[in-house]
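Scroll down for the structure; my scribbles are underneath it.
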Amino acid sequence: MTKASKNILSVAKTQRKKEEKNKKPSLVEAAPIAKPHTASSKKVSTKKTSTKPALPPKATKKNNPKKRPNKIILPKAGTVSADILDTLFDVVTSRRTADPAISHSARLLAKGRNKVAQKFGEEAVECLIEAASGNTKELISESADVLYHLIVVWVDAGLHPSEVWAELARRKGISGIEEKASRPAENLVVPLTTKQE
Ligand SMILES: N=c1c2ncn([C@@H]3O[C@H](COP(=O)(O)OP(=O)(O)OP(=O)(O)O)[C@@H](O)[C@H]3O)c2ncn1[C@@H]1O[C@H](COP(=O)(O)O)[C@@H](O)[C@H]1O
């Protein structure tokens with residue numbers, strides 16, 4: 001190596017160190033970096049150092065793929081639609097004939113209607129406990145359990161989600177208060193006991 005190229009290498013290293021000190025590289029920047037365009041490097045690079053490879057980036061915690069832990073990227077709230085319920089229904093339906101040894105849905109469905117209904121009730125109670133306790137994070141998890149087990153109930157009952165969606169659509173725009181007031185008088189529940197008795 002000539003004295004001139006040693007000097008260039010030394011200038012490049014110092015420059016790179018300065019740059020790394022001033023900013024944290026992103027994953028995109030982890031690609032090999034080009035040599036800095038200093039006046040001296042430009043002058044000589046066309047002759048003696050043009051064939052030399054660029055210096056590899058220094059491994060840091062952020063750009064070293066060997067040290068980066070595998071991250072599971074979960075969908076963010078707002079990026080998944082309720083269509084996932086229809087997909088889940090199709091999956092659980094397909095499990096009716098699956099091996100109970102490898103499918104929780106198959107195992108549950110094989111236990112019969114009472115067990116399916118009981119599991120849904122248990123999950124609903126767990127959900128309401130989290131709601132009443134104000135535990136938002138746990139409420140998300142328990143709500144997902146409730147929806148899954150409700151879908152198992154539907155599969156067991158031979159009911160298609162579109163029937164429930166249609167019922168919700170029918171109710172759209174009808175206030176619950178208005179609907180209750182329009183019920184026939186015989187449907188009103190009369191208390192069996194009163195405080196006067
Ligand atoms: N969303 C769910 C889901 N939510 C909860 N669970 C399971 O429901 C079970 C509830 O646990 P519990 O201990 O309360 O109930 P348990 O194991 O029946 O116990 P016991 O009450 O009988 O004593 C757990 O095993 C959970 O993993 C679910 N299992 C499956 N799904 C979905 O259903 C798909 C099909 O699953 P498999 O049928 O297992 O292939 C999966 O890909 C998921 O998308």
Side-chain angles (χ1 to χ4, degrees), residues 24-31 59-183 187-193:
K24 292 176 183 171
S26 70
L27 289 176
V28 176
E29 288 167 319
T60 65
K61 272 185 187 174
K62 281 206 164 182
N63 72 7
N64 187 350
K66 280 183 188 165
K67 288 194 177 174
R68 213 153 8 105
N70 286 335
K71 262 190 181 176
I72 298 168
I73 299 165
L74 295 170
K76 284 182 186 168
T79 63
V80 183
S81 82
D83 288 351
I84 198 164
L85 293 175
D86 285 322
T87 309
L88 184 56
F89 176 81
D90 291 342
V91 172
V92 176
T93 300
S94 76
R95 297 299 197 261
R96 273 195 297 205
T97 51
D99 182 356
I102 54 165
S103 161
H104 178 75
S105 316
R107 190 176 299 179
L108 191 48
L109 288 164
K111 286 180 182 170
R113 184 154 298 171
N114 284 351
K115 184 69 183 178
V116 167
Q118 182 199 325
K119 279 306 297 176
F120 171 69
E122 283 174 19
E123 299 301 342
V125 170
E126 284 170 25
C127 187
L128 74 86
I129 289 169
E130 299 305 344
S133 310
N135 299 331
T136 312
K137 219 174 167 185
E138 289 77 7
L139 180 58
I140 293 170
S141 174
E142 293 301 338
S143 299
D145 280 351
V146 167
L147 290 173
Y148 164 72
H149 283 90
L150 179 58
I151 284 174
V152 180
V153 167
W154 292 348
V155 169
D156 177 75
L159 186 152
H160 196 273
S162 60
E163 295 174 75
V164 182
W165 308 156
E167 176 62 15
L168 286 172
R170 189 190 63 77
R171 294 180 187 185
K172 201 175 168 191
I174 304 170
S175 151
I177 292 172
E178 191 187 315
E179 184 273 329
K180 205 169 183 178
S182 71
R183 283 182 199 169
N187 279 0
L188 292 174
V189 178
V190 181
L192 294 173
T193 55

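Computation of the quantities below employed the complete heavy-atom set of this structure, encompassing side-chain atoms and omitting hydrogens, waters and symmetry-equivalent molecules. In listed order, ligands and their atoms are each counted from 1.
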Task: Distance (rounded to the nearest 0.5 Å) between Leu150 CG and Leu159 CG - done: 9.0 Å
TODO: Check each atom of ligand 1 against the heavy atoms of Ser103 and keep those under 4.0 Å away; list them by number with element.
DONE: 37 (P), 38 (O), 39 (O), 40 (O)
Open item on the list: Taking 4.0 Å as the limit for heavy-atom contacts, which would you say applies to Arg95 with ligand 1: side chain only, backbone only, both, or neither?
Closed with: side chain
- [ ] Keeping the roles fixed (side chain from Ser103, backbone from Asp99), state whether a donor-acceptor pair exists under 3.5 Å.
- [x] no
Open item on the list: Checking contacts now, so for atom 41 (C) of ligand 1, which I'm interested in, is there any protein heavy atom under 4.0 Å?
Closed with: no
Task: atom 21 (O) of ligand 1: nearest protein contact (heavy atom, Å) - done: Lys119 NZ, 2.9 Å
Open item on the list: Rounded to the nearest 0.5 Å, what separates atom CZ in Arg96 from atom OG in Ser105?
Closed with: 11.5 Å
TODO: Record the part of His149 in heavy-atom contact with ligand 1 below 4.0 Å; permitted values are side chain, backbone, both and neither.
DONE: side chain
Task: Region of Asp145 that comes within reach of ligand 1 [heavy atoms, distance under 4.0 Å] - done: side chain
TODO: Do me a favour and list the nearest non-hydrogen protein atom to atom 29 (N) of ligand 1 with residue, atom name and distance?
DONE: Tyr148 CZ, 3.5 Å
- [ ] Please report the C-alpha distance between Val153 and His149 in whole Å, then the side-chain angles of each, then the deciding distance to 0.1 Å, and finally whether the side chain to side chain contact (heavy atoms under 4.5 Å, CB included) criterion is met.
- [x] CA-CA 6 Å; Val153 167; His149 283 90; 5.7 Å; no
TODO: Go through Phe120 and Val116 one step at a time and tell me if the side chain to side chain contact (heavy atoms under 4.5 Å, CB included) criterion holds.
DONE: CA-CA 6 Å; Phe120 171 69; Val116 167; over 6 Å; no
Task: Subset of ligand 1 atoms that lie under 4.0 Å from at least one heavy atom of Glu123 - done: 14 (O)
Open item on the list: Any protein heavy-atom neighbour for atom 27 (O) of ligand 1 (distance below 4.0 angstrom)?
Closed with: no
Task: Gap separating the CH2 atom of Trp154 from the CG atom of Leu88, nearest 0.5 angstrom - done: 10.0 Å
TODO: Enter the distance from Glu142:CD to Lys137:NZ here, rounded to the nearest 0.5 Å.
DONE: 13.5 Å
Open item on the list: Checking the side chain of Arg95 only, and the main-chain atoms of His104 only, is there a donor and an acceptor separated by less than 3.5 Å?
Closed with: no
Task: Intermediate values then yes/no, side chain to side chain contact (heavy atoms under 4.5 Å, CB included), Asp145 and Cys127 - done: CA-CA 8 Å; Asp145 280 351; Cys127 187; over 6 Å; no
Task: Under 4.0 Å to a heavy atom of Val91 - the qualifying atoms of ligand 1, by number - done: 34 (C), 35 (C)
Open item on the list: Within the protein, is there a heavy atom lying under 4.0 Å from atom 23 (O) of ligand 1?
Closed with: no
- [ ] Scan the protein's non-hydrogen atoms and note whether one is under 4.0 Å from atom 11 (O) of ligand 1.
- [x] no
TODO: Could you tell me whether atom 35 (C) of ligand 1 has at least one protein heavy atom nearer than 4.0 Å?
DONE: yes
Open item on the list: Any protein heavy atom at under 4.0 Å, with atom 15 (O) of ligand 1 as the reference point?
Closed with: yes
Task: From CA spacing to verdict: side chain to side chain contact (heavy atoms under 4.5 Å, CB included), Tyr148, Glu123 - done: CA-CA 10 Å; Tyr148 164 72; Glu123 299 301 342; over 6 Å; no
Task: Sub-4.5 Å side-chain heavy-atom contact between Lys119 and Val152 - done: no
Task: Close-contact set for ligand 1 against Leu88 heavy atoms, below 4.0 Å - done: 32 (C), 33 (O), 44 (O)
Task: Contact atoms of ligand 1, heavy-atom distance to Lys115 under 4.0 Å - done: 22 (O)
Task: Which residue and heavy atom of the protein sit nearest atom 18 (O) of ligand 1, plus the separation - done: His104 CE1, 3.4 Å
